[in-house]
2 protein chains.
Amino acid sequence: MILSRIILGLLAIAPMSGADLKRQFDTTVNHFWSADKAQIYRTLAALVDERLASVTVVPGTTAPDSQEHRITDAGRVALVAWLDSELDRQPERDAFIARIFLAESLSDDAVGRLIERRRAAALEQLAALETIEASAAPARTRGEHLRLATLDHGLRHVRTELEWLDTVEEQLP
Amino acid sequence: MILSRIILGLLAIAPMSGADLKRQFDTTVNHFWSADKAQIYRTLAALVDERLASVTVVPGTTAPDSQEHRITDAGRVALVAWLDSELDRQPERDAFIARIFLAESLSDDAVGRLIERRRAAALEQLAALETIEASAAPARTRGEHLRLATLDHGLRHVRTELEWLDTVEEQLP
DNA sequence: CGAGACTAGTTGACAAGTCTCCTAGTCCCG
DNA sequence: CGGGACTAGGAGACTTGTCAACTAGTCTCG
């Protein structure tokens, strides 16, 4: 459901093929959603099925011709309906925090290593976000403004994460 | 996999029935994981199946006798193995941020409402975490210390979220 | 005593997400 | 020319998580 609406939203920004969408999910959109390509193609097929999107085959230089999907009028209606609907409350889920919570039986060293690995992941995330930020044009339209705000959201949370890791590490041994 | 290890970890703190676990997932552990009761009972059965936990029926005052599960030695081994294993990288996933990213076609009012609903959810979360914090005993053992650190993690992120919501709202109209 | 609420545990169906492998075609390089 | 890497698209099996309904017993209160 959510994935189908996100795809619809991306198609509303520009028509795209499945492979294009996969690239979006791996880069610009990665800080709040991601998707397996199998899932993307299936969802795309379902959207066309429901007449929320349409396909046109674009013969190109590469292998199977890419299939450009574009949002239909019905699709736009469905998209706005979702955007404006009740928030789906989503459970917090963080396996790393779970490990820390349960780390009683782990040695200090092992806990330290855990923290370091998380820090590495967070720094990677930070770098990825900063790259996107650096390559982003200054926001002119409201749409661009909102998209930048979500980047800022990601950055703030990664930084909070890094700060938290620092304090945990300090208090450790 | 992760759920089964978390349950194992909780059983390592104290033997518990399925209903007890459900209560944990709804309260103390809620800020980083949650689980449906169907899932809990099924996972518990699997753990017993793999000899990582054992059951004893505790006849009690209420309806079906509760089944106390306790972690076995093999279970402790499996738990530590998981705690100390490579971090499972988990994709960020936040449907709310997705909506903001795609909110171009929404009216200013609608975006404002979205923000307000998120703020309400965040404040609720904050209250829940503060309640747990207030009722928590000061950490004496390292285990308690680590558990408090995860609470702090939750609090920091909710506060970051609220700050972000403020700045987004300011820049809005 | 009997109705209704509550309890622990259980089942089935389903939706969402992941992993592995496959087809066909193009491109590059030795 | 032939092999290997890469591309877009896709099928299948499997795991996780969610939802709804059900059993069977206890407790409370009119």
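Small disclaimer: the values here were computed from a predicted structure and weren't measured. Scope of the values below: all heavy atoms of this structure, side chains included, with no hydrogens, waters or symmetry mates. Here is how names work: the chains are called A, B, and so on, in the same order as the sequence lines, proteins then strands, and each is numbered from 1.
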- Message: Side chain of B:Pro91 only, heavy atoms from C-beta on: which candidate in D:dA24, D:dG17, C:dT18 is closest?
- Response: C:dT18
- Side chain of B:Met1 - closest among D:dT16, C:dT18, D:dG9: D:dT16
- Under 4.5 Å between any side-chain heavy atoms of B:Ile40 and B:Phe25, yes or no? yes
- Shared ILVMFWY cluster between A:Met1 and A:Ile6, side chains joined below 4.5 angstrom? no
Distance in angstrom units between [X] [atom1] and [N] [atom2], rounded:
| X | N | atom1 | atom2 | value |
| --- | --- | --- | --- | --- |
| B:His69 | C:dG9 | NE2 | C1' | 10 Å |
| B:Lys22 | C:dC6 | NZ | C1' | 16 Å |
| A:Ile40 | D:dA11 | CD1 | P | 15 Å |
| B:Leu21 | C:dT7 | CG | C1' | 16 Å |
| A:Asp26 | D:dA8 | CG | P | 12 Å |
| A:Ile2 | D:dG17 | CD1 | P | 15 Å |
| A:Gln90 | C:dG17 | CD | P | 10 Å |
| A:Trp33 | C:dT18 | CH2 | P | 10 Å |

- Message: Could you walk me through whether B:Arg113 and A:Asp84 satisfy the salt bridge (Lys or Arg N to Asp or Glu O under 4.0 Å) test, starting with their C-alpha distance in whole Å, then the side-chain angles of each, then the deciding distance to 0.1 Å, before giving a yes or no?
- Response: CA-CA 9 Å; B:Arg113 278 199 304 277; A:Asp84 200 27; 3.3 Å; yes
- Of B:Gly18 and B:Arg89, whose closest DNA chain C nucleotide lies nearer the 5' terminus? B:Gly18
- Note on the structure: The complete set of side chain to side chain donor-acceptor pair (under 3.5 Å) pairs with one or both residues in residues 40-55 of chain A, sequence neighbours excluded, reads none
- Within the side chain of B:Arg147, is there an N or O that forms a donor-acceptor pair under 3.5 Å with the backbone of B:Arg142? no
- Query: So, A:Arg70 side chain and A:Met16 main chain: donor-acceptor pair closer than 3.5 Å or not?
  - Reply: no
- Does a side-chain N or O from A:Ser66 land closer than 4.0 Å to OP1 or OP2 of D:dT7, or not? no
- Residue-phosphate contact under 4.0 Å: A:Gln39 side-chain N/O, C:dG17 OP1/OP2: yes
Could you write out each protein N or O paired with an N or O of nucleotides 10-14 of chain C at a distance under 3.5 Å?
| residue | atom | partner | partner atom | Å |
| --- | --- | --- | --- | --- |
| C:dT10 | OP1 | B:Gln67 | NE2 | 3.4 |
| C:dG12 | N7 | B:Arg42 | NH1 | 3.4 |
| C:dG12 | O6 | B:Arg42 | NH2 | 3.0 |

- Given a cutoff of under 4.5 Å between side-chain heavy atoms of I, L, V, M, F, W and Y, with clusters grown through shared members, what are the other residues clustered with B:Val55? B:Val48
